[in-house]
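For the numbers below, each heavy atom of this structure counts, side chains included, while hydrogens, waters and symmetry mates do not. All chains are named by letter (A, B, ...) in the order of the sequence lines, taking the proteins before the strands, and each is independently numbered beginning at 1.
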Amino acid sequence: MTDDFSNIDVIVIGAGPAGIAAATKLKQLGVKRVVAFEREEKAGGIPRHCAHPPFGMREFKQILTGPQYAKKLVKTALEAGVKILTSINVVEAREGGRLLITSNAGAQEISAKRIIYATGVRENSRSARLISGMRTKGIINTGVLQQMVFFQKLKPFKRPVIIGSELVAFSAILTCRHAKIKPVAMIEAGSKAIAQFPMQFSAPLLGVPLHLNSKLTKIIGSTQVSEIEIENSDGKKKTIECDGVILSGNFTPEASLARMGHLEIDVATGGVKVDQYGRCSDPVYFAAGNLLRPVETAGWSWNEGQIIAAIVAKDLQGKLEKTASKIEVFSRDPMIKLFMPQEISLPQNVSAMQHIQLRFSANARGEIVALNSKGIIWRKSIKTQKEKRFLIPITQLLKDFDKEKIELKFLQKR
Amino acid sequence: MDNPNQDKLASGKPETKQLTDNVFDITIIGAGVVGCAIARRFTLAGAKVAVVEKASDILDGASKANSAILHTGFDAPKDSIELSCVQNGYEEYKKIHADLGLPIDNCGAYVVAWNEKEQQKLESILQKAHANGVSDTHLISAKQLAKSENNLTSHARAAISIPDEAIIDPWSAPYAYLKQAIINGAEVFTSCEVETGQFENGQWLIKTSRGILRTKYIINAAGLYGDLLDKKLLGETGFNITPRKGQFVVFDKAAASLINSVILPVPTKRTKGIVIFRTIFGNLAIGPTAEDQVSRTNNSTDEKSIKQLIAAGVERIPLLKDMPITATYAGLRPASEFSDYQIKANEAKNWITIGAIRSTGLSGALGIANYAFELYQKSGNKHKKIRKPQIPQTVILAEKSQRDWKNKDHGKIICHCELVSEREIKQALSGELAAKSLAGLKRQTRVTMGRCQGFFCSANLAKITKTHFEIPLASESKND
């Protein structure tokens, strides 16, 4: 049986929290034909293999595990009339909303009036992190471990080390415990765990020694990992025996389609470039969720999906205000790791995203400032935290602006 | 196709093939690209061929990592065996690739001089190319270079154009050679390591890790272990392998559009230097480094070298700066103290050594196979050529070809980055050359070789391959 792909209003690419939320909201707002494509066998996205709480507080006022949450998201979408198609890959995204897809029915070209990209994130690979050493069995990301343990009831090792201390590293510990895998160490390059209170205390509590100021410098082993070498801030090296390496965190948007297609990419986030309406460089395309920046919670992405859906619904009705002018937001400051949206379309509107979401690359005290050609237009004292979200209200940047560019800077306190 | 041998490749659960009492005409030790090409050549000539490989999958030594360029031999040493094999191999590949369904991208190459000193060397490179018979090689100005390669920095001073350099699929090609040997009667024994051997009454009796094998003639195509195999079975060797490690960086596929041709440096005496090239799979890659080492197995990468490669790439192509890295890897080339291949027959012992194929094995393989067959014939050996050889079905992996994802009934896509279908994976896990390791499956299908490096499909693959691999990717877990 082939699916009917004619007269589609909106195609959502990716049925994770952001994509499902967007598709559901579109139906609730009366958009007729909404189809969500998921390339995996089941819809639900990453929460499907995060088999622990807390998920769903914002969305369902309940504390759920990831899989429970994913099921509930899908159920809600289906009830709203969203058509979810799984095991479908979008191979190419072309100008004007034309997509090349493949499924068991073969390759075909289809189109929709609007496309919402919601392809999410993944953890960076060993290669992308340029990690030295051998290519042996047992080096995987947290996401792979979760899928192996919860989907396939398999375990790739018994005594791994965990690299990184973002929130997901603690998910790695919980996943290991579930499969009776005993992590032997957690390795963090910084001077403290990145995940915030109370998680930062939980690695030792869960019996996993936390090595701070330590960089993974080499993976050793012939068929399977046998040990790793780490280096501390004094340049001292030591080895830790283990049979696996979990590369946790260090997320990057899954923006392959955009990279190979016509949409502009933002180098800092690794995702697509958008304005505060979530609009890409081709205005038929919108984006939501972690594709926009690494990385937010499922709840945040879900909310973002809803906001973008409302904008798209308005756009389809021709009610989205015409863009009068655009302001480019940029930064050359290494302290500012990434931010989005990268463009502000004027006029700003209550339906749009109300903040610039920003992340810093280190912990420091100082002041975040926004400048235009006349000087500082906005400032705020702040104690930055690595990987912690910081929000700049867009309306405050628009109080006194010229119509060119806004630069973001961090002034370190001396 | 009503050839019963075709089934051997197409179906059935993989089993490790058992050794028999048969006496083979030829046994090839080592199933690298060279061994595969030789197996094809001798089988088609009518010999009863055995191939023994110590790894669970073929192409597991030097052949697993190279730059996948089909060289013209423009810079090969004058009057060398390498030159004649590379050029003969190039011609042979052009002759057979369409029949075997193998791709070729005639992208051409430029040897680019980045400074004055290098520029001075271009003339001698050109003369050598002409002396080697690569006659369409010619000098071009920086301006002409910029016209066809507009993403290179303007620092380039001049270049030599070698229009016939090409890129091919480094794995599908040898798989096709060996598959053709198999469907025409050759037998392949994997996970089969040669331990000892005796030559008596014109026949070899080889003891392997999987039993006794009898053969009239042996061809040593053991690559990185060629010298050791000579020593082990003949008691002496004419060369010593010094493994030369080459690290590579593969950039995101978006980078492939930044160049059209292969960008070669002005070579040094020791190596061809760091090459910027596209792959037939649609990537842009940079490498190799050239690091002599003792270990024949240590193919580790190191951050410092990888960063240097990236920097070298960015220096020449500034737009690479913002491109993510897809993969890093290293290969070992079987270099020796000699600059030429070491191919020699020991007629008294019915033995040919194919040694020190240091960096042009992929280009030279088919030529080396012809060369080896000539040596064999000179020793008075004769067979009746197969008149109408069977042609195997080749897997199509080149980016711009009719990949399986474009067809109906592929099941579904398992590897999303490289668009590998369930059907392709099942095929690679069955038949005579069934993948028995992830490395083997990667070479046959490209699974996990894309951007995410297995983030999305590794768990699925662990399940699909559970009963297929010699060492499973994961073990059963009794979850709480």
Side-chain angles (χ1 to χ4, degrees), chain A residues 39-41 49 51 86-89 91 102-107 122-135 137 140-141 143-158 177-181 217-220 222-224 252 254 256 258-260 265 267 270, chain B residues 249-250 252-254 282 297-307 310 321-330 403 405-413 416-417 419 421-422 437-439 450-460 462-463 466 471-480:
Chain A
R39 61 188 189 179
E40 298 295 334
E41 273 182 308
H49 48 76
T86 56
S87 297
I88 286 199
N89 289 61
V91 180
T102 182
S103 65
N104 192 42
R122 57 181 162 81
E123 292 164 295
N124 262 314
S125 71
R126 176 258 175 85
S127 280
R129 300 175 195 221
L130 313 184
I131 293 168
S132 304
M134 296 290 281
R135 275 164 176 67
K137 205 163 75 67
I140 59 172
N141 292 119
V144 177
L145 176 70
Q146 292 171 338
Q147 292 171 45
M148 279 193 181
V149 168
F150 295 118
F151 291 170
Q152 318 294 4
K153 300 204 166 21
L154 293 172
K155 55 176 169 183
F157 37 55
K158 294 183 182 118
R177 281 167 75 90
H178 189 80
K180 302 195 174 86
I181 297 168
T217 45
K218 202 192 277 178
I219 297 174
I220 302 154
S222 51
T223 50
Q224 178 105 17
T252 187
E254 174 61 13
S256 314
R259 282 194 185 280
M260 297 310 286
I265 291 277
V267 173
Chain B
V249 176
V250 180
D252 190 279
K253 281 193 171 175
T297 53
N298 185 341
N299 59 352
S300 60
T301 53
D302 68 273
E303 189 181 341
K304 196 176 154 201
S305 305
I306 294 293
K307 281 186 170 162
I310 295 170
K321 182 171 76 70
D322 297 331
M323 288 291 172
I325 303 300
T326 290
T328 60
Y329 65 92
R403 292 276 315 272
W405 64 262
K406 297 179 184 173
N407 304 325
K408 274 186 186 167
D409 303 320
H410 61 58
K412 58 176 174 260
I413 301 301
H416 301 304
C417 301
L419 294 169
S421 72
E422 190 174 47
S437 65
L438 180 61
R451 292 184 174 88
C452 85
Q453 295 278 292
F455 180 87
F456 291 109
C457 70
S458 289
N460 254 333
K463 182 184 150 205
K466 209 158 70 176
I471 304 169
L473 291 175
S475 56
E476 300 286 331
S477 158
K478 288 190 188 105
N479 292 353
D480 274 346

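- When each of B/Cys417, B/Gly454, B/Ala327, B/Cys457 is scored by its heavy-atom pairs under 4.5 Å with chain A, the top score falls to B/Ala327.
- Neither the backbone nor the side chain of A/Thr217 comes within contact range of chain B; no heavy atom of the residue lies under 4.5 Å from a heavy atom of that chain.
- Rounding to the nearest 0.5 angstrom, the gap separating the SG atom in B/Cys452 from the CD atom in A/Glu123 is 11.0 Å.
- Interface remark: of the candidates A/Ser125, A/Ala107, A/Gly270, A/Ala107 forms the most heavy-atom pairs closer than 4.5 Å to chain B.
- Note that OG of B/Ser421 is 10.5 Å distant from CG of A/Asn89, once rounded to the nearest 0.5 Å.
- If you check the side chains of B/His410 and A/Ser103, you find no donor sitting under 3.5 Å from an acceptor.
- Between B/Pro324 and A/Arg259, the closest side-chain pair of non-hydrogen atoms falls below 4.5 Å.
- To the nearest 0.5 Å, atom CG of residue A/Asn141 and atom CZ of residue B/Phe456 are 9.5 Å apart.
- To the nearest 0.5 Å, atoms CG (A/Leu130) and OG (B/Ser305) are separated by 11.5 Å.
- Taking 4.5 Å as the limit, some side-chain heavy atom of A/Val91 sits within range of a side-chain heavy atom of B/Trp405.
- At a 4.5 Å heavy-atom cutoff, B/Ser437 makes no contact with chain A through either its backbone or its side chain.
- Your options are A/Ser127, A/Ser256, A/Ser222, and the one with the most heavy-atom pairs under 4.5 Å with chain B is A/Ser127.
- Put simply, the side chain of B/Lys406 does not reach to within 4.5 Å of the side chain of A/Thr102, judged on heavy atoms.
- Inter-residue side-chain proximity for B/Gln453 and A/Arg126 is flagged as unmet; no heavy-atom pair is nearer than 4.5 Å.
- No other option in B/Ser458, B/Ala254, B/Gly450, B/Ser300 has as many heavy-atom pairs under 4.5 Å with chain A as B/Ser300.
- When heavy atoms are compared at a cutoff of 4.5 Å, A/Ile131 approaches chain B solely by way of its backbone atoms N, CA, C and O.
- Each of A/Lys180, A/Lys155, A/Gln152 was scored for a side chain to side chain contact (heavy atoms under 4.5 Å, CB included) with B/Ser477, with one residue passing: A/Lys155.
- At a 4.5 Å heavy-atom cutoff, the contact between B/Ile310 and chain A is made by side-chain atoms alone.
- For the options B/Glu422, B/His416, B/Glu476, heavy-atom pairs under 4.5 Å to chain A are most numerous at B/His416.
- Both the backbone and the side chain of B/Asp302 come within contact range of chain A, with heavy atoms under 4.5 Å apart.
- Here the straight-line distance linking atom CD1 of B/Ile413 with atom CZ of A/Arg39 works out to 10.5 Å at 0.5 Å rounding.
- The residues A/Glu41 and B/Lys412 are annotated as salt-bridged, a charged nitrogen and a carboxylate oxygen being separated by less than 4.0 angstrom.
- Looking at A/Lys137, only its side chain comes within 4.5 Å of chain B, counting heavy atoms on both sides.
- Among A/Lys153, A/Lys218, A/Gln147, A/Arg122, the residue making the largest number of heavy-atom pairs under 4.5 Å with chain B is A/Arg122.
- Contact record, A/Leu154 with B/Ala474: CB-CB, 3.8 Å, taken as the closest heavy-atom pair.
- Proximity to chain A (any heavy atom under 4.5 Å) is shown, for B/Ser475, by both the backbone and the side chain.
- The minimum heavy-atom distance linking B/Gly411 with A/Asn104 is given by the pair N-OD1, 2.7 Å.
- Residue contact with chain B, scored on non-hydrogen atoms closer than 4.5 Å, involves the side chain of A/Glu254 exclusively.
- Remark: side-chain polar atoms of A/Ser132 are paired, donor with acceptor, to backbone N or O of B/Glu303 under 3.5 angstrom.
- In this structure, chain B has a heavy atom under 4.5 Å from the side chain of A/Val267, while its backbone stays farther away.
- Under the 3.5 Å distance criterion, with hydrogens and angles disregarded, a donor-acceptor pair is assigned to the side chains of A/Arg135 and B/Thr328.
- Contact annotation for B/Lys466: only side-chain heavy atoms (C-beta onward) come within less than 4.5 Å of a heavy atom of chain A.
- For B/Asp252, the part lying under 4.5 angstrom from a heavy atom of chain A is the side chain only.
- Rounding to the nearest 0.5 Å gives a distance of 5.0 Å between CD1 of B/Ile471 and OG1 of A/Thr223.
- Residues B/Ala462 and A/Met148 come closest through the heavy atom pair CB-CE, 3.9 Å.
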